[in-house]
Amino acid sequence: MRKLLLVLIVAVATAGCGIVYRQPIYQGNLLEKANVDQLQAGMGKPQVIALLGSPSITDPFHHDRWDYTASQRTDRRGRTEVKNLTLWFENDALARWEGDYFPEQDEEIARNAVKQFGRNLAREKR
C-alpha cells in the first residue's frame with residue numbers, strides 16, 4: 001500500500017509542475033527576412049507568391065487580403081505565440097503590408113531542426 005501511495009504522490013507532483021516534456025510546435029509560414037524586405041508596392045500576386053509562397057489564410061470575402069500566419073509553442077507551459085503578416089492588394093497589385101513574423105527564428109529553426117526533431121528524409125544514396 002505504501003508503494004502505491006508513493007507512486008501516486010510522485011505522479012501527481014510531476015504532472016503539475018511542468019517537468020513533463022512538451023515538444024516544440026511550429027506552424028504556418030516560415031518567412032525569410034530577405035524575402036519580406038524585397039516586397040514592393042505594385043508587385044503582382046504571382047510575384048508575391050514566388051517570393052513568399054502561398055498565404056496561410058485567404059479570406060473568401062476579401063480576395064484582396066492575404067494573411068501569412070505563423071505560431072510557435074516552445075515552452076513547457078504550452079503558451080503559443082502567434083504572428084501575422086497581412087498583405088493588401090488593389091487591382092491585383094500589392095498596395096500595402098503590415099504585421100510581424102519570426103524573421104530571425106526561421107533561420108535558427110532550420111539550423112536546429114535535425115538536432116531537435118531528427119531526420120525526416122532518407123539520406124541520399126551515392
**Asked** Just checking, is any N or O donor in the side chain of Ser56 or Asp67 under 3.5 Å from an acceptor N or O on the other one?
**Response** no

**Request:** Using modelled atom types only, decide if a donor and an acceptor are shared between the side chain of Tyr68 and the backbone of Gly53 within a distance under 3.5 Å.
**Result:** yes

**Request:** Calculate, to the nearest 0.5 Å, the distance between atoms CE and CD belonging to Met43 and Gln38 respectively.
**Result:** 7.5 Å

**Request:** Check whether any side-chain heavy atom of Ile49 sits under 4.5 Å from a side-chain heavy atom of Trp66, and report yes or no.
**Result:** yes

**Item:** Sub-4.5 Å side-chain heavy-atom contact between Thr86 and Arg65
**Value:** yes

**Asked** Can you tell me how far the CG atom of Asp37 sits from the CG atom of Leu31, to the nearest 0.5 Å?
**Response** 11.0 Å

**Request:** Give, for atom NZ of Lys45 and atom CG of Asp92, the distance between the pair rounded to the nearest 0.5 Å.
**Result:** 4.5 Å

**Asked** If you round to the nearest 0.5 Å, how far is CD of Gln27 from CZ of Arg73?
**Response** 9.0 Å

**Item:** Minimum side-chain heavy-atom gap Trp88-Glu98 below 4.5 Å
**Value:** yes

**Value rounded to 0.5 Å, distance of CG in Asp64 from CG in Leu87** = 11.5 Å

**Asked** How many angstroms lie between atom CG of Asn35 and atom CG of Leu51, to the nearest 0.5 angstrom?
**Response** 4.5 Å

**Asked** Which heavy atom of Ala95 sits nearest a heavy atom of Ala41, and at what distance?
**Response** O-CB, 4.1 Å

**Item:** Crowding at CG, Asn91 (>12 non-hydrogen neighbours, <6.0 Å)
**Value:** no

**Asked** Can you tell if the side chain of Asn29 reaches within under 4.5 Å of the side chain of Leu85, non-hydrogen atoms only?
**Response** no

